[in-house]
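Below is one structure; the comments refer to it alone.
Per chain, numbering begins at 1; letters A, B, ... match sequence-line order.
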2 protein chains.
Amino acid sequence: MRTQEVFKAISDPTRRKVLKLLQGGSKSAGELAEAFDITKGSLSHHFNVLKAADLVRCERRGQQIVYSLNTTVFEDVAAVLLDLFKVDKGNGEPS
Amino acid sequence: MRTQEVFKAISDPTRRKVLKLLQGGSKSAGELAEAFDITKGSLSHHFNVLKAADLVRCERRGQQIVYSLNTTVFEDVAAVLLDLFKVDKGNGEPS
DNA sequence: TCGATAGTTTGACGAACTTCAAAATAACGA
DNA sequence: TCGTTATTTTGAAGTTCGTCAAACTATCGA
């Protein structure tokens, strides 16, 4: 897992909101953009950060590009976060 | 909970390592500093970020300042993180 | 009170981040 | 092929971040 990329990705409120919106199902870039007050260019940059963290996938569908959560990594992410926020076992290696 | 401060705090590897170290028990600033290759001034800055997020507490003990995890907020933090990384209920309000 | 020890605060710097406007790319329909 | 729509990429500006060195504060022991 790209730990540092994941932490960087979720450190921004806009990107967390994107993840939240995608929990309701896949959405095109344009649909997502309606929920924000920033330009589509800026939002596209955020999509790239989320992609670099492997948190979302995208697929062209005609003229649109549809984003969806990459649920396969969510378990890993949750595990790392819980390791950081639960005092228990774990090898203690910093993430 | 200071959501944004928490996310910002955990976005840096040095600060995550501090949290990890404190999971092994309270430590003074100097003891923590031994685990890093940056100046004490820089580390002190990281302590401030962790304090702003309410993730750690500190207490003077003689000449030393002892840091410890503020475990009371860890449950809240874990809940927010799981809300972000688990597709389930929740009001969908972005964190 | 003085000197030593433990940490913090300040000021400065380069790197990284967020944003916008504008240009570029891609796919569709006529 | 041309124009339109959807989205990304580029280039630039301003802001935030992580770091250091140096100055500062607080406590202890003599």
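- A salt bridge links Glu59(A) with Arg61(A): the distance from a Lys NZ or Arg NE/NH1/NH2 to an Asp or Glu carboxylate oxygen falls below 4.0 Å.
- Within the nucleic acid shown, Tyr67(B) comes within 4.0 Å of sugar-phosphate atoms alone, with no base atom in reach, counting heavy atoms only.
- Glu75(A) CD: 12 or fewer foreign heavy atoms inside a 6.0 Å radius.
- Side-chain atoms of Ile38(B) lie closest to dT19(D) of the nucleotides dT19(C), dC17(C), dT19(D).
- Arg15(B) has its CZ atom 12 Å from the C1' atom of dT16(D), to the nearest Å.
- Looking only at side-chain heavy atoms (C-beta outward), Phe74(A) and Leu55(A) come within less than 4.5 Å of each other.
- Between Ile65(B) atom CD1 and dT9(C) atom C1' the separation is 12 Å, expressed in whole Å.
- Computed from coordinates, the Gln64(A) CD to dC28(C) P distance equals 11 Å when rounded to whole Å.
- Remark: Lys27(B) fails to qualify as a cation-pi partner of Tyr67(B) under the 6.0 Å distance and 45° angle criteria applied to the six-membered ring.
- Atom CD in Glu59(A) sits roughly 13 Å away from atom P in dT8(D) (whole-Å rounding).
- Residues Asn70(A) and Val73(A) have side chains in contact (heavy-atom distance under 4.5 Å, counting atoms from C-beta outward).
- Residue-level contact check: Arg61(A) touches neither bases nor backbone, having no heavy atom under 4.0 Å from any strand.
- Nearest-nucleotide positions on DNA chain D for Phe47(A) and Gln63(A) put Gln63(A) closer to the 5' end.
- OP1 or OP2 of dA6(D) has not a single side-chain nitrogen or oxygen of Ser28(A) nearer than 4.0 Å.
- Looking at residues 39-46 of chain B, you'll see Lys40(B), Gly41(B), Ser44(B) sit with a heavy atom under 4.0 Å from some atom of DNA chain C.
- Of the two residues contacting DNA chain C, namely Lys51(B) and Gly62(A), the nearest-nucleotide position lying further toward the 5' end is that of Lys51(B).
- Rounded to whole Å, the distance from CG on Leu32(B) to C1' on dA6(C) is 13 Å.
- Between Asn48(A) and dT9(D) there is a side-chain N or O to OP1 or OP2 distance below 4.0 Å.
- Side-chain contact between Asp54(A) and Glu5(A): absent, with no pair of heavy atoms (C-beta onward) separated by less than 4.5 Å.
- Between Glu31(B) atom CD and dT5(C) atom P the separation is 17 Å, expressed in whole Å.
- Residue Glu34(A) contributes atom CD, which lies 14 Å from atom C1' of dT7(D) at whole-angstrom precision.
- The nearest whole Å value for the distance from the CZ atom in Arg60(A) to the P atom in dT25(C) is 13 Å.
- For the pair Phe7(B) and Leu81(B), the minimum side-chain heavy-atom distance is below 4.5 Å.
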